[in-house]
Q: 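Below you will find the structure I want to go over with you.
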Amino acid sequence: MNKPEVVMMGLGYIGLPTAALIAQNNTHVHGVDINPKVVETINAGKIHIIEPELDLAVANAVKGGFLKAAISPKEANTYLIVVPTPFKGKNEPDISFVEAATKAVLPLLKENDLYIIESTSPVGTTEKMMGLIYSQRPELEGKLFIAYCPERVLPGNVMYELVHNDRVIGGVNQASTEKAVAFYKRFIKGELHKTNARTAEMCKLVENSSRDVQIAFANELSLICDKADINVWELIALANKHPRVNILQPGCGVGGHCIAVDPYFIVAEYPMESQIIGKAREINNYKSFWCAEKVQTAKLQFELQQGRKPSIAIMGLAFKPNIDDLRESPAKYIAQKVLQNANNEEYFIVEPNIHEHKVFKLTSYQDAAEKADIIVFLVAHKEFKTLKLKKDKMVLDFCGVLND
Ligand code: SAJ
């Protein structure tokens with residue numbers, strides 16, 4: 001391949017689709033991942049993650065010679081940092097991957113290069129990385145373009161949203177913002193909104209915190225309604241008939257690698273000020289614990305009433321409906337907790353979007369619903385909506401799958 005124009009540091013859930021999108025536009029991309037297996041898979045034109053339409057985009061990009069993966073970067077004009085930012089210790093953001101990726105490209109940087117961070121990052125990270133770059137390469141001070149541009153795509157709809165979503169782009173100075181906007185304009189149809197790096201960083205955190213807070217409100221209502229003997233799904237549907245009310249749906253907790261994580265980036269930095277954001281995290285975590293406790297209570301109730309142990313179906317393990325992603329999944333947490341409390345009952349674990357799991361023995365949703373005495377709906381997968389449940393079943397619907 002010719003000298004690449006773009007280096008993509010990180011070929012995960014966001015890096016790989018973004019690399020494929022850029023490459024589709026006949027731009028040479030050198031993708032970097034520390035995992036040699038990932039590199040090998042991509043260079044074979046295949047993918048290591050599940051995302052609709054990504055397989056074809058990567059296959060075409062590799063076949064056309066516009067995307068090549070490697071374990072280390074090369075000289076280019078634009079460097080994108082798209083690596084994970086997990087948390088460590090007591091919910092403190094860990095930017096060591098961003099730092100490592102920056103250090104890896106540092107020796108390759110030259111005047112007029114564009115360096116962009118897309119990874120979700122605590123406020124101030126872009127300025128911090130700028131400090132790191134200029135401390136090692138003082139001759140480049142003021143001669144690079146440095147910006148932050150968070151991704152906003154929804155897993156399951158990434159290839160569409162990457163192109164069509166609006167983006168927020170914040171440079172460390174005006175020239176950097178303009179340069180980054182010009183870069184994204186080549187690939188993105190959504191509007192590109194200009195700001196500074198700190199605002200762009202906070203914007204990403206706020207978007208996901210806002211959703212977390214709204215879901216916490218719905219989850220709090222579900223706890224109240226359980227005590228008040230009111231159907232929370234009906235209640236929310238009715239309240240949402242008001243022209244200015246739009247309550248989200250309660251569930252068995254909040255999962256995934258974004259919404260359940262990003263609010264901590266604000267709380268860790270501004271603990272005194274972020275009361276609602278912190279409390280929302282607590283409520284959403286508590287909701288999963290509460291669901292597991294409810295299963296325990298139902299088990300005991302069944303045993304008291306029927307004089308025998310129930311069989312129990314746990315319906316769904318994914319972190320949200322109709323996907324196969326089990327990472328940070330509240331449903332998986334609840335299944336584990338319920339199994340830890342098992343006392344010789346029979347369990348059927350169901351996840352229609354995966355064929356096998358190394359911990360859970362999976363049962364088909366039809367069999368589980370047919371055989372179990374207690375049916376616990378954790379995820380509103382579309383398959384579950386087709387079930388015709390017998391009248392004698394004890395049903396715990398934590399995700400409103402029966403209320404659609
Ligand atoms: N959930 C509810 N009730 C709802 C909606 C969602 O309980 O009414 C739960 C889901 O079941 C799931 C969790 O919330 O466990 C998160 O699901 P999600 O669909 O809200 O979001 P994610 O994590 O798949 O993707 C989010 C998106 N952010 C926003 O909608 C603000 C996406 O646009 C981001 O790009 C992504 O996080 C990210 O990477 O940050």
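Basis for what follows: all heavy atoms, side chains included, without hydrogens, waters or symmetry-related copies. Just follow the structure's listing: the first ligand is 1, and inside any ligand the first atom is 1.
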Q: Does a side-chain N-to-carboxylate-O contact under 4.0 Å join Glu370 and Lys390?
A: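 Salt bridge between Glu370 and Lys390, a charged N being under 4.0 Å from a carboxylate O: yes.
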Q: Pick one: which of His193, Lys185, Glu118, Glu191 meets side-chain contact (heavy atoms from CB on, under 4.5 Å) with Arg167?
A: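 By the side-chain contact (heavy atoms from CB on, under 4.5 Å) criterion, Arg167 pairs with just one of His193, Lys185, Glu118, Glu191: Glu118.
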Q: Centroid separation under 6.0 Å, is that true for the rings of Phe384 and Phe377?
A: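 Yes, ring centres under 6.0 Å apart.
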Q: Checking Arg281 against Tyr286: charged group under 6.0 Å from the ring centre and within 45 degrees of the axis?
A: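 Verdict for Tyr286: no cation-pi partner in Arg281.
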Q: Are Lys361 and Glu356 within salt-bridge range, i.e. N to O under 4.0 Å?
A: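 Between Glu356 and Lys361 there is no salt bridge, as every charged N stays at least 4.0 Å from the carboxylate O atoms.
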Q: Does ligand 1 have any N/O atom under 3.5 Å from a protein N/O, and what are those pairs and their distances?
A:
from	atom 1	to	atom 2	distance (Å)
ligand 1	3 (N)	Gln249	O	2.7
ligand 1	8 (O)	Gln249	N	3.0
ligand 1	8 (O)	Gln249	O	3.4
ligand 1	11 (O)	Phe319	O	3.3
ligand 1	15 (O)	Gly255	N	2.9
ligand 1	15 (O)	Phe319	O	2.6
ligand 1	19 (O)	Lys320	NZ	2.9
ligand 1	20 (O)	Arg211	NE	2.5
ligand 1	20 (O)	Arg211	NH2	3.2
ligand 1	24 (O)	Lys320	NZ	2.8
ligand 1	28 (N)	Asn208	OD1	2.9
ligand 1	33 (O)	Arg152	O	2.8
ligand 1	35 (O)	Glu151	OE1	3.4
ligand 1	35 (O)	Arg152	O	3.1
ligand 1	35 (O)	Val153	N	3.1
ligand 1	35 (O)	Val153	O	2.7
ligand 1	39 (O)	Glu151	OE2	2.8
ligand 1	40 (O)	Lys204	NZ	2.6
ligand 1	40 (O)	Asn208	ND2	2.7

Q: Any salt bridge between Glu345 and Lys299, counting N to O under 4.0 Å?
A: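 Salt bridge present between Glu345 and Lys299.
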